[in-house]
There are 2 protein chains.
Amino acid sequence: MLARGTGIAVWRQVAEILETGIADGEWRAGGRLPTEAEMALRFGVNRHTVRQAIKDLVERGLVRSVQGSGTFVEAPPLAYPIAERTRFSDIVMAQAREPSGRLISATREVANPAVGAALELAAGAEVIRLETVRAADGVPISWALSAFPAARFADVAESFATTSSFTAAFRAAGVADYVRAFTRIGARNADAIDAERLEIALGRPVIEIEGVNTDLDGRPIQWARARFAGDRVRVTVG
Amino acid sequence: MLARGTGIAVWRQVAEILETGIADGEWRAGGRLPTEAEMALRFGVNRHTVRQAIKDLVERGLVRSVQGSGTFVEAPPLAYPIAERTRFSDIVMAQAREPSGRLISATREVANPAVGAALELAAGAEVIRLETVRAADGVPISWALSAFPAARFADVAESFATTSSFTAAFRAAGVADYVRAFTRIGARNADAIDAERLEIALGRPVIEIEGVNTDLDGRPIQWARARFAGDRVRVTVG
DNA sequence: GAGTGGTCTAGACCACCAA
DNA sequence: TGGTGGTCTAGACCACTCG
């Protein structure tokens with residue numbers, strides 16, 4: 001089982017065994033690993049050595065430890081292709097996962113210059129500003145700050161709150177289809193807000209995507225800045 | 001100094017103190033922190049507690065531990081804006097760091113379909129394929145796989161090997177200026193090759209950027225897929 | 001060879017979760 | 001209340017770097 005004194009650290013071997021077990025489906029996504037004490041006994045190593053192995057898996061995004069509860073297998077990263085027609089729920093469902101969304105806050109306010117320009121609004125025009133979190137199988141994938149022209153989408157907050165879908169909210173406002181007109185991408189490390197919204201540790205990688213959607217006449221209908229949990233998605237563009 | 005029994009873990013307090021010291025310039029980029037044993041003594045904690053604090057800083061990319069040598073302060077992340085005219089050396093020098101480059105391999109071969117299409121080459125046309133690593137102050141920032149139309153840039157490998165600059169290599173081939181025509185971005189975790197080339201740990205975040213440069217007539221002159229050390233750069237697009 | 005970080009063990013207590 | 005992961009200490013030995 002474990003080869004000692006081979007130059008390969010014992011904790012790496014333990015991590016390797018656990019990783020293989022996860023890959024082989026011995027523990028499914030969302031499932032719980034044996035307790036640290038149990039693994040220490042099983043592998044014949046100290047509990048701290050098991051902890052070091054688990055810490056490695058946590059860093060690599062394979063498992064998640066919850067104090068008082070256990071260590072759980074994380075779902076494999078969600079493939080997230082950004083294209084002209086990107087629909088969160090379609091992407092998630094295509095991978096046999098359950099999409100959901102949550103409205104954090106909704107306000108109506110005068111657009112700041114940058115957002116106003118992106119939405120091609122007159123100075124002083126109002127927008128509906130939403131903060132939302134989107135998840136797959138209940139695990140947060142991204143959180144976003146969105147702005148919609150208030151004149152056209154006065155009820156977007158209520159629509160999203162009931163349907164968890166921007167597509168549905170647009171349809172309710174008479175926009176049957178829409179496309180992505182502009183995309184800007186960057187990578188950052190999670191700040192406190194990212195960490196809280198996405199339920200990830202401070203400093204974990206976050207992919208930031210800013211974009212504008214337009215209706216089929218080319219009129220901007222949504223500006224959004226979304227931050228994705230880098231460990232849970234594989235974002236591709238192009 | 002340290003407040004025990006306050007609900008804030010001692011190792012976090014130690015990490016906080018070290019982080020503040022780094023931010024305040026007590027230890028400069030590239031400088032060495034006190035040894036683990038010395039810090040344990042100074043803070044009145046066990047060496048393992050210091051190790052935990054250091055591990056946290058390592059994960060967050062603030063310091064780097066070298067066995068047998070010490071723990072060193074990492075340089076702050078390099079701001080890397082991707083724009084129509086992106087020149088590695090300009091970006092690095094603008095931040096008072098020293099750019100360098102290294103040629104890993106150079107081959108001449110028939111373009112694969114995807115690269116051939118990106119470069120708008122006829123089927124069967126040849127490309128020069130380069131593997132390069134780029135660094136700032138000697139620390140690897142990115143490594144890239146590039147392809148150039150062999151017909152126009154037969155000597156690009158030699159040019160790059162001597163100048164460490166694609167801009168210079170293009171100029172030698174009669175292309176005085178060029179622009180970025182296409183960009184695709186994604187995030188991944190370092191595989192073994194990424195880790196070796198970038199001198200980072202397996203699984204650290206890597207930002208992948210695929211792009212095509214064209215001359216001012218719009219003819220493609222370079223296809224490249226670059227992978228950036230996510231801990232060392234702050235890539236922005238748009 | 002002296003000094004550094006890396007690994008492993010051992011034992012204790014705490015904070016948190018679920019029942 | 002019992003079990004879980006989180007923290008901290010203590011001590012030992014190893015692997016590596018550098019003069």
Side-chain angles (χ1 to χ4, degrees), chain A residues 1-18 27 30-59 61-74 138 195-196 199-203, chain B residues 1-18 27 30-59 61-74 195 199-203:
Chain A
M1 191 79 133
L2 292 185
R4 304 186 93 112
T6 56
I8 300 173
V10 175
W11 70 262
R12 285 193 189 278
Q13 300 181 48
V14 171
E16 173 71 28
I17 291 171
L18 296 177
W27 302 287
R32 210 191 73 170
L33 260 52
T35 68
E36 294 177 349
E38 193 179 332
M39 287 196 268
L41 198 64
R42 185 193 298 184
F43 295 127
V45 300
N46 190 275
R47 178 181 157 222
H48 288 102
T49 305
V50 172
R51 279 181 65 74
Q52 194 157 10
I54 290 175
K55 190 159 192 172
D56 180 61
L57 299 185
V58 168
E59 276 164 33
L62 274 70
V63 304
R64 174 175 34 100
S65 291
V66 182
Q67 183 173 154
S69 179
T71 300
F72 302 87
V73 179
E74 290 272 29
E196 187 259 324
E199 297 172 21
I200 58 179
L202 265 175
Chain B
M1 192 79 136
L2 292 184
R4 303 185 92 111
T6 56
I8 301 173
V10 175
W11 70 260
R12 285 193 189 279
Q13 300 181 48
V14 172
E16 173 70 28
I17 290 171
L18 296 177
W27 302 286
R32 210 190 74 170
L33 260 52
T35 68
E36 294 177 349
E38 193 180 331
M39 286 197 270
L41 198 64
R42 184 192 298 184
F43 295 127
V45 301
N46 190 275
R47 179 181 156 222
H48 288 100
T49 305
V50 172
R51 280 181 64 73
Q52 194 157 9
I54 290 176
K55 189 159 192 171
D56 179 60
L57 299 185
V58 169
E59 277 164 33
L62 274 70
V63 303
R64 174 174 35 100
S65 292
V66 182
Q67 184 173 156
S69 178
T71 300
F72 302 87
V73 179
E74 291 270 29
E199 297 172 19
I200 58 178
L202 265 175

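Order of the sequence lines sets the chain letters (A, B, ...), proteins ahead of strands, with each chain counted from 1.
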If we only count heavy atoms from C-beta on, is the Phe43(A) to Ile17(A) side-chain gap below 4.5 Å?
->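 Heavy-atom side-chain distance check passes, below 4.5 Å.
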With a 4.5 Å limit on heavy-atom distance, are the side chains of Val45(A) and Trp11(A) in contact?
->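 A side-chain contact under 4.5 Å is absent here.
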How close do [X] and [Y] get, heavy atom to heavy atom, and via which atoms?
X	Y	value
Ile54(A)	Val63(A)	O-CG2, 4.1 Å
Ile8(B)	Gln13(B)	O-NE2, 2.9 Å
Ala40(B)	Asn46(B)	CB-C, 4.0 Å

Phe72(B) CZ to dC16(D) C1': how many Å, rounded?
->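 That distance rounds to 13 Å.
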Rounding to a whole Å, what distance do you find between Ile8(A):CD1 and dC14(D):C1'?
->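 One finds 16 Å between C1' of dC14(D) and CD1 of Ile8(A), rounded.
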Filtered N/O pairs between nucleotides 17-19 of chain D and protein, under 3.5 Å:
unit_1  : atom_1 : unit_2   : atom_2 : d
dT17(D) : O4'    : Gly68(B) : O      : 3.3

In chain order, what residues pass the side chain to side chain contact (heavy atoms under 4.5 Å, CB included) check against Gln67(A), with sequence neighbours excluded?
->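 Scan of Gln67(A) (side chain to side chain contact (heavy atoms under 4.5 Å, CB included), adjacent residues dropped) gives none.
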DNA chain C: Glu36(B) or Arg47(A), which has the more 5' nearest nucleotide?
->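 Between the two, 5'-proximity favours Glu36(B).
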Where does the chain B footprint on DNA chain C start and end, counting 5' to 3' with a 4.0 Å heavy-atom cut-off?
->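 Boundary nucleotides touching chain B, in 5' to 3' order, are dG3(C) to dC8(C).
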Respond yes when some side-chain nitrogen or oxygen of Ser65(A) is under 4.0 Å from OP1 or OP2 of dT4(D), and no when none is.
->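 Result: no.
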Between atom OG of Ser69(B) and atom CZ of Arg64(B), what is the distance when rounded to the nearest 0.5 Å?
->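 Between Ser69(B) OG and Arg64(B) CZ, I get 9.0 Å after rounding to 0.5 Å.
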Among Arg42(A), Lys55(A), Met39(A), find the residue that satisfies the side chain to side chain contact (heavy atoms under 4.5 Å, CB included) test when tested with Val50(A).
->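 For Val50(A), the side chain to side chain contact (heavy atoms under 4.5 Å, CB included) test succeeds with only one of Arg42(A), Lys55(A), Met39(A), which is Met39(A).
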